[in-house]
Asks: 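Please see the structure below; I have some questions.
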Amino acid sequence: MSSETQSWLQVATTMARLGELSIRIGVLIGIVYGNFWALKLFTEYLHGLPFLSKQFLELSLFSIISFAGAALCSVLNEHYSNEGNYKMAGLFALITASILLIPAPVAGLLMLLGGIALYISAEIKNVLKMRVQS
């Protein structure tokens with residue numbers, strides 16, 4: 001392998017690590033957002049919020065989406081990253097990030113950036129494989 005190929009492989013590996021780190025931090029922040037929405041719902045309910053009012057359903061949905069998005073992204077990222085399939089890990093991070101942008105914008109943004117980094121890393125490695133084979 002040439003030195004140029006080695007340097008591109010190192011760039012791809014570094015991007016994959018940064019993507020995974022960004023996604024993991026986004027998952028943690030998504031859990032924090034889920035707790036925030038759940039606590040806000042609890043305090044509003046204690047202060048007389050009607051049970052099935054619009055605000056009650058909105059806060060419940062935000063909490064559920066934040067927890068579910070963080071859990072889904074964490075499980076799928078762990079599964080595909082352990083296999084070395086960074087393209088699928090990046091795609092699933094992008095999907096969950098787009099869902100989390102409404103209830104948990106900071107977590108969604110971090111997952112979005114991490115998903116893009118993983119996807120670009122996978123594409124760099126694919127191009128390098130094609131280049132080495134030819």
Side-chain angles (χ1 to χ4, degrees):
M1 251 194 264
S2 69
S3 64
E4 182 184 357
T5 305
Q6 285 285 18
S7 65
W8 276 108
L9 187 61
Q10 185 160 359
V11 167
T13 304
T14 303
M15 283 185 72
R17 287 181 183 159
L18 288 174
E20 286 182 357
L21 179 66
S22 177
I23 290 171
R24 288 175 193 255
I25 293 171
V27 165
L28 290 174
I29 293 174
I31 292 170
V32 169
Y33 268 105
N35 285 326
F36 166 75
W37 291 118
L39 288 173
K40 185 170 181 174
L41 173 66
F42 178 70
T43 57
E44 293 289 329
Y45 184 70
L46 286 180
H47 291 297
L49 182 67
F51 181 61
L52 289 177
S53 66
K54 181 181 176 184
Q55 187 179 7
F56 183 88
L57 294 175
E58 180 181 319
L59 293 174
S60 299
L61 190 62
F62 278 5
S63 179
I64 291 167
I65 290 173
S66 295
F67 283 128
L72 181 68
C73 189
S74 176
V75 169
L76 291 174
N77 185 43
E78 191 74 26
H79 174 72
Y80 286 114
S81 291
N82 285 341
E83 289 181 357
N85 192 352
Y86 294 115
K87 185 181 271 189
M88 288 303 293
L91 286 175
F92 278 116
L94 289 171
I95 291 168
T96 55
S98 66
I99 295 169
L100 282 176
L101 280 173
I102 299 297
V106 175
L109 184 64
L110 283 171
M111 287 182 194
L112 188 71
L113 294 174
I116 290 171
L118 283 177
Y119 193 82
I120 291 173
S121 168
E123 288 301 321
I124 290 172
K125 288 182 180 180
N126 284 338
V127 168
L128 289 177
K129 283 181 190 175
M130 291 184 332
R131 193 173 183 189
V132 167
Q133 289 175 354
S134 62

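Below, each value reflects all heavy atoms present in this structure, side chains not excepted, and no hydrogens, waters or symmetry copies.
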Asks: Test of understanding: clusters of I, L, V, M, F, W, Y form through side-chain heavy atoms closer than 4.5 Å, transitively. Do Phe56 and Phe36 belong to the same one?
Replies: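 Shared cluster, yes.
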Asks: Other residues, nucleotides and ligands only: do more than 12 of their heavy atoms fall within 6.0 Å of CD1 on Ile102?
Replies: no
Asks: Please check: side-chain N/O of Trp37 versus main-chain N/O of Pro103, any donor-acceptor pairing under 3.5 Å?
Replies: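 Answer holds: yes.
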Asks: Spell out, as yes or no, whether a donor-acceptor pair under 3.5 Å connects the side chain of Ser81 to the backbone of Asn77.
Replies: yes
Asks: Parallel under 30°, tilted from 30 to 60°, perpendicular over 60°: which one fits the rings of Phe51 and Tyr45?
Replies: perpendicular
Asks: Is a side-chain N or O of Thr96 found less than 3.5 angstrom from the main chain of Phe92, in a donor-acceptor match?
Replies: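 Checking the backbone N and O of Phe92 against the side chain of Thr96, a donor-acceptor pair under 3.5 Å is found.
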Asks: So among Leu118, Ile124, Leu91, which one has a side chain to side chain contact (heavy atoms under 4.5 Å, CB included) with Tyr86?
Replies: Leu118
Asks: Ser121 side chain to Thr13 main-chain N or O, any donor-acceptor pair under 3.5 Å?
Replies: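 Absent.
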Asks: Identify the heavy atoms of Ala97 and Leu112 that sit nearest to each other, and give their distance.
Replies: CB-N, 3.4 Å
Asks: Got more than 12 heavy atoms from elsewhere within 6.0 Å of CD, Glu83?
Replies: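 Counting neighbours around CD of Glu83, more than 12 heavy atoms of other residues, nucleotides or ligands fall under 6.0 Å, so yes.
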Asks: Any donor and acceptor pair, going by atom type alone, linking the side chain of Ser63 with main-chain N or O of Leu59 inside 3.5 Å?
Replies: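 No: the side chain of Ser63 does not pair with the backbone of Leu59.
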Asks: Honestly curious: do Leu101 and Ile23 fall in one hydrophobic cluster under the side-chain, below-4.5 Å linking rule?
Replies: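 Not linked; separate clusters.
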Asks: Hey, quick one: are Phe62 and Leu110 part of the same hydrophobic cluster, counting side-chain heavy atoms closer than 4.5 Å, chains of contacts allowed?
Replies: yes
Asks: Flag yes if Ile25 and Leu100 sit in one hydrophobic cluster, no otherwise; membership is Ile, Leu, Val, Met, Phe, Trp, Tyr, and two members link when side-chain heavy atoms are under 4.5 Å apart.
Replies: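 No, no single cluster joins them.
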